[in-house]
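Ligands are counted one by one from 1 in listed order, and the atoms in each one are counted from 1 as well. The figures that follow rest on heavy atoms only: side chains count, while hydrogens, waters and symmetry mates do not.
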Amino acid sequence: MPANLTPEYLAAEQRFKSAKTTEEKLAALEEMLATIPRHKGTEKMQADLKRRLSKLRAEQARRPQSRAGIIHRVEKEGAGQVVLVGPPNSGKSRLVQRLTHATPEVADYPFTTRVPVPGMMPFEDVQVQLVDLPPVHPDFPESWLYQIIRNADAALLVVDLSDPDLLEDLETTLGQVANAKVYLAGANLSPGFSPAAADVGLKLGAPADAMPSAPGWLRKKTVLVANKIDGASAAENFEVLSELYGARFPMVRVSAESGEGLDQLRQAAFDLLEVIRIYTKAPGKKLERTAPYILKRGSHLVDLAAHVHQDFLTQLKYARLWGHGAFEGQMVTRDHVLEDRDVVELHR
Ligand SMILES: Nc1nc2c(ncn2[C@@H]2O[C@H](COP(=O)(O)OP(=O)(O)OP(=O)(O)O)[C@@H](O)[C@H]2O)c(=O)[nH]1
Ligand SMILES: [Mg+2]
C-alpha cells in the first residue's frame, strides 16, 4: 500500500535530516509522527518513529540541562492543541484565564508570561487544549517557543485593538514566526479542505499565496483574534486590521475583559482543529451521544474501527449509522466517510 505521505510530513522529515541539536531532532520527529497518515501502509513507519522518539527523549533526559537552558514542551490533550501567539501584552493570558480553568499570570506590562501554560477549554462535549505562550517578540528569543508553535495543531493570533502600534507589533510577531519558517494563515490549500470557519459565519481568509515555497516551511492554521474591543479606538483599528489582514486570516473580535465574542472564539478554536466527533453504540443499546471519539475531518469508517480496537481493522464487516444524510441505522461499509456527530454501531 502506498504511504501517501503529505507535504507536511516530508517537510518535517527534511528538517529532521538537517537538525543539529537533539531538541531540533525531537521537534521534527514529533511533527513527523503527528503528520504521518494513519493507515495500515504506514504502521511500520509509525512504530519506527515512536522508537526513535523514545530513544532521543531518554538521551535528552540523561543530559544535564544547564548548558542548553530549560526546554519547555506541552503534551497534547483533548480534541487538539491550539496555541495563543501574539505580541506582548495583547491579552493572551487573560483569554486563557477566561476560557479554561488555568490561572496564568495577567499583568498590564509586557513579557509577563515566561513559560507555556496549558488549559482545557470545554466546548460542547469535548475539551480543546489552549496553550498560553510567552510573547512572540525578538526580546524573547527562546527556540522552544517556536518548537511549541510548530508542533501545535492550530494557532490563535491575538492582537490588542487598543494598541497604537498594533500593525507594527503584528508585523513583528509575523516576522518572528517567519524566522522559524512558520507561516500563519487562515486557509489551507490542501485538496479537499473544507473551510472550517465558514461554519460559524466567519469571514474566511482567501487562500493566501505568500508562504515561501522553500523547503522546511510549515503552514499553521490560524484565526486572528482582535482583542480588547472594549478599548479606545478599537472600532477604527478593527477596520484597518480587516482591510489589511482579512484576506489572510478569518477574524474574531473579542474582549477578554467583558466576555464579548468569546462564544464565537470557542467555536473558531474548535473549527480550526478540523476534527469530527463520532459516538459508538453497542447493538441493542440506546442511542446516546456521549464520550466521542475524535477523528480527523474526512475520516472513513475504517479509521474509526482502528481507533476503537485493532481487531476491528481486519474483522469489521459493516456498521450501522445514525447521522447526517443517512436513514436511521443505515448499513455502511469501510469506505464510508464519517461526519461530525455520527453514531456508529460496529459489526464483525
Ligand atoms: N480593556 C481590556 N484589557 C484587557 C483585555 N484583555 C486583556 N487586557 C489587559 O491587558 C493586559 C495584558 O494582558 P495579558 O493577558 O497579561 O497579556 P499577554 O498577551 O498575556 O502579555 P504577555 O504575557 O506579556 O505576552 C492586562 O492588564 C489585562 O488585564 C480586554 O479585552 N480589554
Ligand atoms: Mg501572558
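Ligand 1 has an N or O atom lying under 3.5 Å from an N or O atom of A107, backbone or side chain. Here's the thing with G91: one of its N/O atoms is less than 3.5 angstrom from an N/O atom of ligand 1. The shortest N or O to N or O distance between S93 and ligand 1 is below 3.5 Å. The shortest N or O to N or O distance between F111 and ligand 1 is below 3.5 Å. Taking only nitrogen or oxygen atoms, main chain and side chain alike, I229 does not reach within less than 3.5 Å of ligand 1. At under 3.5 Å, not a single nitrogen or oxygen of E105, backbone or side chain, sits near a nitrogen or oxygen of ligand 1.
Counting protein heavy atoms only, atom 6 (N) of ligand 1 is closest to N227 ND2, 3.2 Å. Atom 9 (C) of ligand 1 has as its closest protein heavy atom K228 NZ, 3.9 Å. Closest to atom 25 (O) of ligand 1 among all protein heavy atoms lies K92 NZ, 2.8 Å. Closest protein heavy atom to atom 22 (P) of ligand 1: N89 N, 3.6 Å. Closest to atom 23 (O) of ligand 1, if we only count protein heavy atoms, is T113 OG1, 2.8 Å. Protein heavy atom nearest atom 15 (O) of ligand 1, with residue, atom name and distance: R94 N, 2.8 Å. In this structure, atom 28 (C) of ligand 1 lies nearest to the protein heavy atom V106 CG1, 3.6 Å. Shortest contact from atom 1 (N) of ligand 1 to any protein heavy atom: D230 OD2, 2.7 Å.
Summarising the geometry, atom CG belonging to L301 is positioned 8.5 Å from atom CG belonging to D335; distances are rounded to the nearest 0.5 Å.
Counting the atoms of ligand 1 from 1 in the order shown, those under 4.0 Å from a heavy atom of P110 are 24 (O). Close approach to S90 involves these atoms of ligand 1, each under 4.0 Å from a residue heavy atom: 17 (O), 18 (P), 19 (O). Short contacts between ligand 1 and E257, defined as distances under 4.0 Å to a heavy atom of the residue, involve ligand atoms 2 (C), 3 (N), 4 (C), 5 (C), 8 (N), 29 (O), 30 (C), 31 (O), 32 (N). Heavy-atom proximity to P88, at under 4.0 Å, picks out these atoms of ligand 1: 25 (O).
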Full working for side-chain hydrogen bond (donor to acceptor under 3.5 Å, both in side chains) between R341 and Y279
CA-CA 7 Å; R341 297 190 55 77; Y279 309 82; 2.7 Å; yes
Derivation of the side-chain hydrogen bond (donor to acceptor under 3.5 Å, both in side chains) call for D132 and S93:
CA-CA 6 Å; D132 183 24; S93 301; 2.6 Å; yes
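Checking P135, A256, S258, P104 against atom 31 (O) of ligand 1, the nearest heavy atom belongs to A256.
A cation-pi geometry, defined here as NZ or CZ lying under 6.0 Å from the six-membered ring centre and within 45° of its normal, holds between R248 and Y183.
Using modelled atom types and a 3.5 Å distance limit, the side chains of D230 and S255 yield a donor-acceptor pair.
Looking only at distances, a side-chain donor or acceptor of D340 sits under 3.5 Å from a matching main-chain atom of R277. Side-chain atoms of K25 do not come within 3.5 Å of backbone N or O of A19 as any donor-acceptor pair. Between the side chain of T100 and the main chain of Q97, no donor-acceptor pair closer than 3.5 Å is present. The backbone N or O of D311 sits less than 3.5 Å from a side-chain atom of H309, completing a donor-acceptor pair. The backbone N or O of K220 lies less than 3.5 Å from a partner atom in the side chain of T222, making a donor-acceptor pair.
Distances from ligand 1 to the non-hydrogen atoms of G86 include no value under 4.0 Å.
Counting only protein N, O or S atoms closer than 2.8 Å to the Mg ion (ligand 2) gives 2.
Looking at residues two or more places apart in sequence or on another chain, you find a salt bridge (Lys or Arg N to Asp or Glu O under 4.0 Å) between R150 and E31. Under the rule for a salt bridge (Lys or Arg N to Asp or Glu O under 4.0 Å), E239 has no partner lying at least two apart in sequence or in another chain. Here R52 pairs with D48 under the side chain to side chain donor-acceptor pair (under 3.5 Å) rule; sequence neighbours left out.
The six-membered or imidazole ring of H307 lies away from that of F312, with a centre-to-centre distance of 6.0 Å or more.
Taking 4.0 Å as the cut-off between side-chain N and carboxylate O, R38 and D303 do not count as a salt-bridged pair.
Residue contacts with ligand 1 for L95 are absent, since no atom lies close enough (heavy atoms, distance under 4.0 Å).
The side-chain heavy atoms of D139 and F111, taken from C-beta on, include a pair separated by under 4.5 Å.
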